[in-house]
Amino acid sequence: MALPIVAIIGRPNVGKSTLVNRLAGEQTAIVHDEPGVTRDRTYLPAFWNDREFLVVDTGGLVFNDDTEFLPLIRQQAMTALAEACGAIFVVDGQTGPTSADLEIAEWMRQQPVPVLLAVNKCESPEQGLMQAAEFWELGLGEPYPISAIHGSGTGELLDELVNHIPAIEDIPETNEIKVAIVGRPNVGKSSLLNSFVGEERAIVSPISGTTRDAIDTVIERAGQTYRLIDTAGIRKKKHIEYGTEFFSINRAFKAIRRADVVLLVIDAVDGVTEQDQKLAGRIIEEGRACIIVVNKWDAVEKDSYTIYDYEKTLQSRLHFTEWAETIFVSALSGQRVEKILELVKTAAESHKRRVSTSVINEVLTDAVSWHSPPASRGGRQGKIYYGTQVSSQPPTIALFVNDSKRFNDNYRRYIERQFRQQLGFKGTPIILLWRSKKVRDAESGNVNRATRVKISY
């Protein structure tokens with residue numbers, strides 16, 4: 001059962017995102033001293049007393065101005081209000097009522113949901129009441145003086161808000177799969193999200209940098225719940241200036257870290273760039289499962305060999321992610337988009353999978369019988385005593401050997417291939433830990449301790 005939704009509405013730069021962070025109890029929505037930072041709808045869980053709900057941050061409302069993203073931001077705010085059980089209209093107590101506030105208030109009075117008026121930036125308890133009193137003229141009932149940055153007054157606001165939020169008993173926990181959508185700017189990440197959802201969930205524009213917050217959207221397919229996280233486009237570090245884009249990219253990296261599966265979106269027309277390679281490396285560093293989504297496939301001129309040539313190029317440029325599944329799609333037309341979720345489910349299962357010690361050692365026995373471990377120049381051969389899986393997400397297998405230095409990179413890759421061929425692990429990296437038995441070197445007298453190597457990387 002879905003949680004009730006509370007929409008945060010107001011003109012630009014009145015502190016809506018700060019209030020959202022305060023209600024959610026975490027610094028998630030981007031806060032920056034610049035109008036128009038928030039553009040899409042961003043949902044965050046919150047609770048007060050015995051009520052749980054989702055608070056949705058929206059872009060600043062500006063009527064009678066159709067420049068740049070403003071019409072799209074209005075559409076996002078209106079959609080949030082349409083699905084909400086209540087709304088908080090945020091105004092700036094330091095500037096007092098403006099013509100824009102009066103215009104929004106007139107529109108809010110026409111909405112079917114209850115509206116609470118939060119007068120933000122009332123840091124002084126004495127002056128706050130006077131600042132709030134000016135907003136009675138908006139005709140929305142009692143104005144609540146608050147300071148979103150300090151938290152004062154928010155308790156009284158929430159006490160009134162919960163009267164409009166229905167109680168939900170025994171909300172079942174969903175075994176959802178968290179999916180982050182990442183890539184360079186303008187490769188079609190938001191279009192892909194909208195294609196999954198079937199509506200304009202995220203603003204789509206040919207202008208790079210349209211998406212700023214990491215946007216969570218929950219969908220369900222065949223009984224499986226997916227949490228899709230759209231992220232800001234990630235440019236090269238040297239091109240990033242401190243400010244909105246810096247915070248957006250940090251959100252994108254955090255989205256990778258909290259995801260089960262990452263969709264690395266690549267522009268089919270541009271091909272694999274150096275930045276795509278770096279993003280793939282970041283996904284591997286975080287140990288996340290991955291699907292490579294080649295978008296805008298409909299824009300590529302094709303013959304009977306095009307897809308095979310493209311796959312060879314992908315394998316060459318992204319050879320370190322050879323375990324990741326690749327799919328060619330068009331987010332604009334919806335071509336093969338739904339098949340992505342089938343790959344995501346398989347990758348998530350592999351990412352969480354645990355294999356018994358007996359099965360791992362059967363694979364090792366077969367692998368060693370076909371290809372013996374290499375020997376040193378002195379004739380000392382490497383020996384694998386046994387292996388066991390020590391963790392999942394990603395699958396991590398410890399191999400106990402006589403001396404890890406006797407196993408070169410080729411043999412380590414061979415062992416990984418055997419695990420993948422015999423056990424699957426589609427779409428997820430594998431970490432192999434080569435643990436040496438303590439061996440005393442007769443010449444140096446040093447103890448050779450266990451070493452850790454990430455084979456998948």
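In this chain, numbering begins with 1 at the start of the sequence shown. Every heavy atom of this structure was used, including side-chain atoms; hydrogens, water molecules and symmetry mates were not. Since the model is a prediction, treat every value here as computed from it, not as a measurement.
The ring-ring contact (aromatic ring centres under 6.0 Å, His included) test applied to Phe400 returns Tyr386, not counting sequence neighbours. Tyr226 pairs by the ring-ring contact (aromatic ring centres under 6.0 Å, His included) definition with nothing, not counting sequence neighbours.
Aromatic ring pairs are classed by plane angle as parallel below 30°, tilted from 30° to 60° and perpendicular above 60°; the pair His371 and Tyr411 is perpendicular.
Checked for salt-bridge contact, Asp270 and Lys296 miss the test: no charged N lies under 4.0 Å from a carboxylate O. Salt-bridge annotation for Arg221 and Glu342: absent, with no side-chain N of the basic residue lying under 4.0 Å from a carboxylate O of the acidic one.
Of the possible donor and acceptor atoms, none in the side chain of Thr396 sits under 3.5 Å from a partner among the backbone N and O of Ser392. At least one donor-acceptor pair closer than 3.5 Å links the side chain of Arg22 to the backbone N or O of Ala148. Without hydrogens or angle criteria, Lys178 side chain to Ile229 main chain gives no donor-acceptor distance under 3.5 Å. Proximity of a side-chain donor or acceptor of Gln389 to a complementary backbone N or O of Ser391 within less than 3.5 Å is detected. The main-chain N or O of Arg317 is found under 3.5 Å from a side-chain atom of Gln277 such that the two form a donor-acceptor pair.
Atom CZ of Arg336 is surrounded by more than 12 heavy atoms from other residues, nucleotides or ligands within 6.0 Å. More than 12 heavy atoms of other residues, nucleotides or ligands sit less than 6.0 Å from atom NZ of Lys352. Environment of CZ in Phe47: sparse, with no more than 12 heavy atoms of neighbouring residues, nucleotides or ligands closer than 6.0 Å. Atom CD1 of Ile219 has more than 12 heavy atoms from other residues, nucleotides or ligands within 6.0 Å. Within 6.0 Å of CD on Glu322 lie no more than 12 heavy atoms contributed by other residues, nucleotides or ligands. Heavy atoms from other residues, nucleotides or ligands lying under 6.0 Å from NZ of Lys339 number 12 at most. Atom CG of Leu332 has 12 or fewer neighbouring heavy atoms from other residues, nucleotides or ligands inside a 6.0 Å radius.
In this model, a donor atom of one side chain and an acceptor atom of the other lie less than 3.5 Å apart for Thr306 and Asp303.
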* Test salt bridge (Lys or Arg N to Asp or Glu O under 4.0 Å) applied to Lys278 and Glu274, step by step -> CA-CA 6 Å; Lys278 290 181 178 178; Glu274 181 183 351; 3.7 Å; yes
* To do: Mind running salt bridge (Lys or Arg N to Asp or Glu O under 4.0 Å) on Arg184 and Asp276 for me, showing each step along the way?
  => CA-CA 7 Å; Arg184 296 181 296 109; Asp276 293 323; 3.3 Å; yes
* To do: Start with the C-alpha distance between Glu416 and Arg412, add both sets of side-chain angles, then the distance that settles salt bridge (Lys or Arg N to Asp or Glu O under 4.0 Å), and finish with yes or no.
  => CA-CA 6 Å; Glu416 182 192 353; Arg412 294 181 181 198; over 6 Å; no
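Between Phe407 and Trp434, a ring centre-to-centre spacing shorter than 6.0 Å is recorded.
Of the candidates Leu364, Leu432, Val355, Ile397 forms a side-chain contact (heavy atoms from CB on, under 4.5 Å) with just one, namely Leu432.
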